[in-house]
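This report concerns only the one structure given below.
Per chain, numbering begins at 1; letters A, B, ... match sequence-line order. Note: hydrogens, waters and symmetry copies are ignored here, and every other heavy atom, side chains too, is used. Here the structure is a predicted model, which means the values were calculated and not measured.
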Amino acid sequence: MTDVQIGLSGLVLLVTLIALRIPIGVSLIGVSFGGLWYLMGFNVAWGSLGIVPYQFAANWVLSSVPMFLLLGFICYHTQLTQGMFRAARMWLSGVPGGLAIAAVFGSAGFAAVSGSSVACSAAMGRIAVPEMVKYRYDPELATGTVAVAGTIGALIPPSIIMILYGIIAQESISGLFLGGISAGILTAIGYILVILIRVKINPNLAPDTNETIPLSDKVWALRDTWPVIMIMVGIFGGLFGGVFTPTEAGAVGASLSLAVAAIKGSLTWERFRNAILETLLTTSALIIIAVGASLLTRFLALSGAGVYLSELIIGMDASVVVILLAIVVIYILLGMFLEPIGAMLLTLPIVLPIINDLGLSLLWFGVVLTKLLEVGMITPPIGMNVFVIKSVVGNLVSTGQVFRGIFWFLMMDLLVLFVLMAFPEVVLFLPGLGS
Amino acid sequence: MFAIGKYLSKITNFVSIIGGLAIALMMFHITADVAGRYIFDSPMPGTITVVSYYYMSIAAFIPLAFAEQKDAHISVEVITERMPRWMQHNLERLALLCSLTVFGFLGVRSFLEAQRKFSSGASIVQGNSEIPIWLTYFVLPLGCLLMVLVVAYKLISSFLPQETGLDTERAQADDIDQQD
Amino acid sequence: TNLTFASGYPQGSITSDALAVFESRLDELSNGELGARVFELSLLNLRETPAGIRDGMADMGVVLTPYFPADFAHTNMVAEVSMSIELTDGGSDQAGLVYTGAMSEFIFLNCKECRDEFSAQNQLFLGSAATPPYSLLCREKVDSLEALEGKNLRTSGAQWARWAESVGANPITMSVNEIYEGLSQGVVDCSVQSTSELSVFNLFEVVDDITVNYPSGVFSGVGSANMNLDTWRSLTDAQRQALLEATAILSAEFSWGYEKGAVDNEATARDQGIGITQATDAMNADNREFIEADLKTIAEAYSERYGIENAEAKIATFRELLGKWQGLINDVQSSEELADIYWKEVFSKVDAAQYGL
Ligand code: NA
Ligand code: NA
């Protein structure tokens, strides 16, 4: 077998193991270890096992994930966000899937303070899903919505992916950030449309209250939204006022929610303890998968499979449209297995020159690429956002159900991608104003 | 067997307290650093190092067994859920066997690495202070060891008729209807 | 033989260009016998690199020794005295090129302990590299000692942290991925880095004023081409010789790239209306005072923490080399010229039939 064939066989084996219900982290680590062994010899595989897992976890920027998880769990257990959802329920009564739409807005809000989509889903998952399920929303719709809405986190600034892309491509990061805002908003609109249409067609997915609520009750309900507003003002103010970085936002937000819960009088030792323990369970379950994904990147790098895939495009003597289509296909394929940064590092050395040669805007491509990589966060078999949601909601749904729940959103993502690619002005409009 | 399960649960529950402390301290430490830097012009020295190397490694690896005990490790059941019962049972055993192998390897390897870091006294310089981090390298092998124990126990129990005695109840995972 | 080379720097970076030259020159010098397959950030990151080379995940890689204080104590000690370049006659002029030469000579030819520390990690040193002098990359003008007081300064090494404290500023540690956001939102007021890093981390948009070559000091704890010992030993003498020639070129390309980056970036900064501020005499005088005193602190700290013997004498030896190299590097005009100097003065003196065997 050639190295590339070994790499691709590894992927086939990985899918098989995951289908047989072997835990995902175990499948990833096992396949990567075996693959490195076969490819480079035992010492390399053995070495990687000693280096990668520890170095991956002992990472400052990664600390935002448990902290955003904790923020979500504290809000849930001390019932800080219930008032907000009750108000949303009243004000959005009559709007099909109103709460799901509110969850998309919530994610867009978190997107503005977190740098990654995992952090964004981590915070929103436990806050929004149980509320929707409580009002008899279809669990697949509820979990799917929050899993996909998390991807807005990497599109709306701040965004770790865009910063790294800006550094690699030497593109303006603030330009990318501005371009990301339109892509993020477009994505959010797309998701809202999916919810509206699906619930319109099948109202059982999200039963309405079916009652007319007097305005005075609606206004009165706003009274209970103050905890959320306080937390939001604190996080936004601190981030944009230069008090803390996006990495620190999760920890500060968690402390803030703890303080607000204390003021509200809903903070008990029991609830705090449960929030902490749930954060712990989820963190550990997610990081072992991410460790595996990181090992898989090394295996695929050494096998040359990523390079091989992207070199297929170079070999093509085709029109711009066909080449762009090929790029989309390749990133969607890679995105099935790799985390965004790994996929980016493996492919950019080949893809960037192609984009340059075609005379396309690198800024525009950076935004499109971010969107493409984020699609990978929700596609099976390795969809980190899906795992986050599955993990934070526990036994309420199966992983498969969350994957099913994203299907129509995924179709919308492809449509949004088409719009971003066919009408580059959508992306380049804001950066153009900025410069 | 039941007694062993109870005992294992006690151990994992105990280490989860250490993990919980890491999470809580991470929150307070980062917040204190932010407050110190912004309000008092004196950030807490070593925050990034302590958070990354101590809290993060503990939070990531110590609860592996705790998560296994609570069935919190993520897998995809789409295909297997349509299989007959006996086949599902055997696949569960296969999954346990795979976990046992992977975490066994990882545990041994990371222990060797930890020993190396211990003998070289690995540390990190942050600001002007030097913070030892060799200790944190032992967290991964410890987490793996506990994981291997729980997985091995589950594997053996799967061939026996009795209850496992493991505390699998998740902290209020299903209390959604009770609140409000 | 195809050598895997793991770089912890992304594609398109200065290192990237240097490695491309290294790749083609190695092929030439070894008559096609040795090739390098470069992985940029996709195989090992900077924190994983020394262990990755040790275990053979990569044959070669860029090792930043200050990330591992206990493992490479001797190298780190001489890297940490880099602000002392301000006490020499040449001052900041092409300081990175000077430091690379002095560092390479020190480790290859003068410091057995340094080499032992590398071989304890199953690897060997094949050349150094350094950045241009550190400057203050700031959100607003810093043109006096008073302006420094209470400022949050992002620093990346103990010497700069001590300097920041000495001027009444707060040293802040921040990962490189956060500098952009940190400066943009004002979490830090300045980042203490070389101006070459304006483009490396894309900071033009978030910096408004630069106090150039102040407080100075270079980042020089770099093994630009560390190699797995077993791989090195498996090569023929001729191949090792070719490799030494190629790594001399890599050291030169690496440091020259950063030097050129600094010059270009300062021009770009001017074009973009970013202020270029010179430190005042009072600032420089205060700085030199700090540096003098700090040399003692460094020697004491390293002998106390890592048991380095004769620390002061070793630093003195190194500073002599620094003075010598200040004479050798005189307004170098190209990376080729620089590579020739490195080869002639240091790398050619390493015996390919003996070194590391
Ligand atoms: Na964001
Ligand atoms: Na995926």
Contact check, side chains of C:Val200 and A:Ile167, non-hydrogen atoms, under 4.5 Å: no
Looking only at heavy atoms, what is the nearest atom pair of A:Val61 and C:Ser175, with distance? CG2-OG, 3.7 Å
Nearest 0.5 angstrom please: C:Asn45 CG to A:Leu345 CG, how far? 10.0 Å
Looking only at C:Ala58, C:Ser13, C:Ser42, C:Gly186, the option with the highest number of non-hydrogen pairs under 4.5 Å against chain A is C:Ser42
Side-chain contact test, heavy atoms from C-beta onward, threshold under 4.5 Å: evaluate it for A:Thr247 versus C:Glu181 and give yes or no. no
Between chain C and each of A:Gly50, A:Ala58, A:Gly115, count heavy-atom pairs under 4.5 Å; write down the option with the most. A:Ala58
When rounded to the nearest 0.5 angstrom, what is the spacing between CE in C:Met57 and CG in A:Leu302? 6.5 Å
What residue pairs, at least two apart or across chains, pass ring pair (Phe, Tyr, Trp, His ring centres under 6.0 Å) with a residue in residues 168-187 of chain C? none
Do C:Asp55 and A:Trp46 have side-chain heavy atoms sitting under 4.5 Å apart? no
Taking the side chain as every heavy atom from C-beta outward, state whether C:Met174 and A:Thr245 have any atom pair closer than 4.5 Å. yes
Closest non-hydrogen atoms of C:Gln11 and A:Leu352, given as atom of the first, atom of the second and distance, are OE1-CD1, 4.0 Å
For the residue pair C:Glu178 and A:Trp60, establish whether any side-chain heavy-atom pair is separated by less than 4.5 Å. yes
Contacting moiety of A:Phe177, where chain C heavy atoms sit under 4.5 Å: side chain
More than 12 foreign heavy atoms under 6.0 Å from CZ of C:Phe204: is that the case here? yes
As an exercise, state the distance from OG of C:Ser184 to CZ of A:Phe240, rounded to the nearest 0.5 Å. 9.5 Å
Sort A:Pro246 into side chain, backbone, both or neither according to what part of it lies under 4.5 angstrom from a heavy atom of chain C. side chain
So which atom in A:Ile168 and which in C:Pro10 form the shortest heavy-atom distance, rounded to 0.1 Å? CG1-CB, 3.5 Å
All pairs passing side-chain hydrogen bond (donor to acceptor under 3.5 Å, both in side chains) where residues 186-200 of chain C contributes a residue, at least two apart: C:Ser191-C:Gln193, C:Ser194-C:Ser196, C:Ser194-C:Glu197, C:Thr195-C:Glu266, C:Ser199-C:Asn265
Pick from A:Ser174, A:Gly47, A:Pro158 with the largest number of heavy-atom pairs that fall under 4.5 Å of chain C: A:Ser174
Counting heavy-atom pairs under 4.5 angstrom with chain A, the leader among C:Asn177, C:Val206, C:Leu203, C:Asn202 is C:Asn202
Could you have a look at A:Asn43, A:Val44, A:Ile173 and say which one has the most heavy-atom pairs with chain C under 4.5 angstrom? A:Ile173
When the 4.5 angstrom heavy-atom criterion is applied to C:Glu48 and chain A, the contacting part is both
